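Notes to accompany the following structure.
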Amino acid sequence: PQAAGRAFRRALELNPDEAQTRFWYGNVLADNGEAAAARRELDAARLLDPGSLAIQTDLAWAIWSAGNATEAERRLRGILADAPDLVSAHDSLSVILLERGDFAGYLEALRARVKLRGEPGLGTRLAELEAAAAAGGPAAIGSRLVALARAEEQGRPFPDHSWAAFTASSTGDRVALGEILALATANGERWGSAGFRRAIAQRWRDDAAVQQALKRLESPRMEPSAASG
């Protein structure tokens, strides 16, 4: 992260008015949990390219990552009202809905992604979750979602179990969450998925073991503390 931050800042020294550089720098700052710096870059990118729906969507994602789900959802639904085929906005919205336990809303957003993108793996996930819903309702959806997320990381050379941990947390499965956190810690993983970490930390705020595990999995900062406020 520190090397990436230096590279981004050097690029901006060479061309401070490049919207795409500020967009991507803000994106990774948000995912790394540096909310103030992320907002600085994404706001700058939006001023440079005010018509970019990608920038507007990632700004909404950064707002959610920082903890304001209501404002993030409002922005994403506004974007989708004007651009219903924007897959990234459906993707971001699906995560917000999942965090609050809205499985029906999550599946609806997932259906939109499958329809627009047509990825075989995504379609398979949707089919399995819909089958679970038909068989056992919301509880079965949650259980299957966690199982699928854990299976996705098996065999990967550089696993990242942040999504699996987020699904376990969002479905209230403390046992699975503990297992996933332990595995990620044993793997030496460092998570940049700040929104996932924040959501887990909030839900299990009184659980010392979860809080300690999240601290160990935290990614190093991209910017010096003084630079990001």
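None of these values were measured; they are calculated from a predicted model.
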Can we say [X] and [Y] salt-bridge, meaning some charged N sits less than 4.0 Å from an Asp/Glu carboxylate O?
| X | Y | value |
| --- | --- | --- |
| R10 | E13 | yes |
| E18 | R22 | no |
| E223 | R40 | yes |

same_hphob_cluster([X], [Y]) at 4.5 Å side-chain heavy-atom cutoff:
| X | Y | result |
| --- | --- | --- |
| L80 | V114 | yes |
| L98 | L177 | no |
| L217 | I180 | no |
| V146 | L181 | no |
| L145 | L122 | yes |

Under 3.5 Å, is there a donor-acceptor pair between the S219 and W191 side chains?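 No, no side-chain donor-acceptor contact under 3.5 Å.
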Answer whether the closest heavy-atom distance between the side chains of [X] and [Y] falls below 4.5 Å.
| X | Y | result |
| --- | --- | --- |
| R174 | D207 | yes |
| S92 | T57 | yes |
| L110 | S94 | no |
| L129 | L107 | yes |

Remaining members of hydrophobic cluster (4.5 Å side-chain criterion), [X]:
| X | answer |
| --- | --- |
| L183 | none |
| L48 | none |
| F158 | none |
| F8 | L12, F23, W24, Y25, V28, L29, L42, I55, L59, I63, M222 |

Does [X] have any side-chain contact (heavy atoms from CB on, under 4.5 Å) partners at least two apart in sequence or in another chain, and if so, which?
| X | result |
| --- | --- |
| E130 | R111, L126 |
| E179 | R150, V175 |
| A131 | none |

If you measure from [atom1] on [X] to [atom2] on [Y], what distance do you get to the nearest 0.5 Å?
| X | Y | atom1 | atom2 | value |
| --- | --- | --- | --- | --- |
| R113 | L86 | CZ | CG | 12.0 Å |
| S88 | I79 | OG | CD1 | 8.0 Å |
| D58 | L53 | CG | CG | 11.5 Å |

Please name the pair of heavy atoms, one in [X] and one in [Y], separated by the smallest distance, quoted to 0.1 Å.
| X | Y | result |
| --- | --- | --- |
| A38 | G26 | CB-O, 3.5 Å |
| A45 | A19 | CB-O, 3.7 Å |
| A199 | S169 | O-OG, 4.4 Å |
| S65 | A30 | CB-O, 4.2 Å |
| Q2 | P220 | NE2-CB, 3.4 Å |
| H90 | P84 | NE2-O, 2.8 Å |

I'd like to check the ring-ring contact (aromatic ring centres under 6.0 Å, His included) partners of [X]; sequence neighbours left out, ordered by chain and number.
| X | answer |
| --- | --- |
| W61 | W64 |
| F103 | none |
| W163 | F166, F196 |

Quick one, E128 with R125, criterion salt bridge (charged side-chain N to carboxylate O under 4.0 Å, His left out). Give me CA distance, side-chain angles, the key distance, then yes/no. CA-CA 5 Å; E128 293 198 28; R125 184 199 305 177; over 6 Å; no
So does [Y] get a backbone contact from the side chain of [X], meaning a donor-acceptor N/O pair under 3.5 Å?
| X | Y | value |
| --- | --- | --- |
| T171 | T167 | yes |
| N32 | A194 | no |
| R156 | E152 | yes |
| S143 | A139 | no |

Applying side chain to side chain contact (heavy atoms under 4.5 Å, CB included), run through N187 and T185 and close with a yes or a no. CA-CA 5 Å; N187 287 342; T185 301; over 6 Å; no
Which pairs count as salt bridge (charged side-chain N to carboxylate O under 4.0 Å, His left out) when at least one residue sits in residues 180-206, sequence neighbours excluded?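 Sorted pair list: E99-R198.
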Enumerate the residue pairs fulfilling salt bridge (charged side-chain N to carboxylate O under 4.0 Å, His left out) with a member in residues 76-90, sequence neighbours excluded, ordered by first and then second residue.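 Matches after skipping sequence neighbours: E73-R77.
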Is the number of heavy atoms from other residues, nucleotides or ligands under 6.0 Å of Q211 CD greater than 12?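 Enclosed.
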Go through S162 and D160 one step at a time and tell me if the side chain to side chain donor-acceptor pair (under 3.5 Å) criterion holds. CA-CA 6 Å; S162 57; D160 182 325; 2.6 Å; yes
Assess the residue pair R221 and E34 against the criterion (side chain to side chain contact (heavy atoms under 4.5 Å, CB included)); give the C-alpha distance rounded to whole Å, side-chain angles, the decisive distance to 0.1 Å, and a yes or no. CA-CA 7 Å; R221 295 183 64 87; E34 298 171 62; 3.7 Å; yes
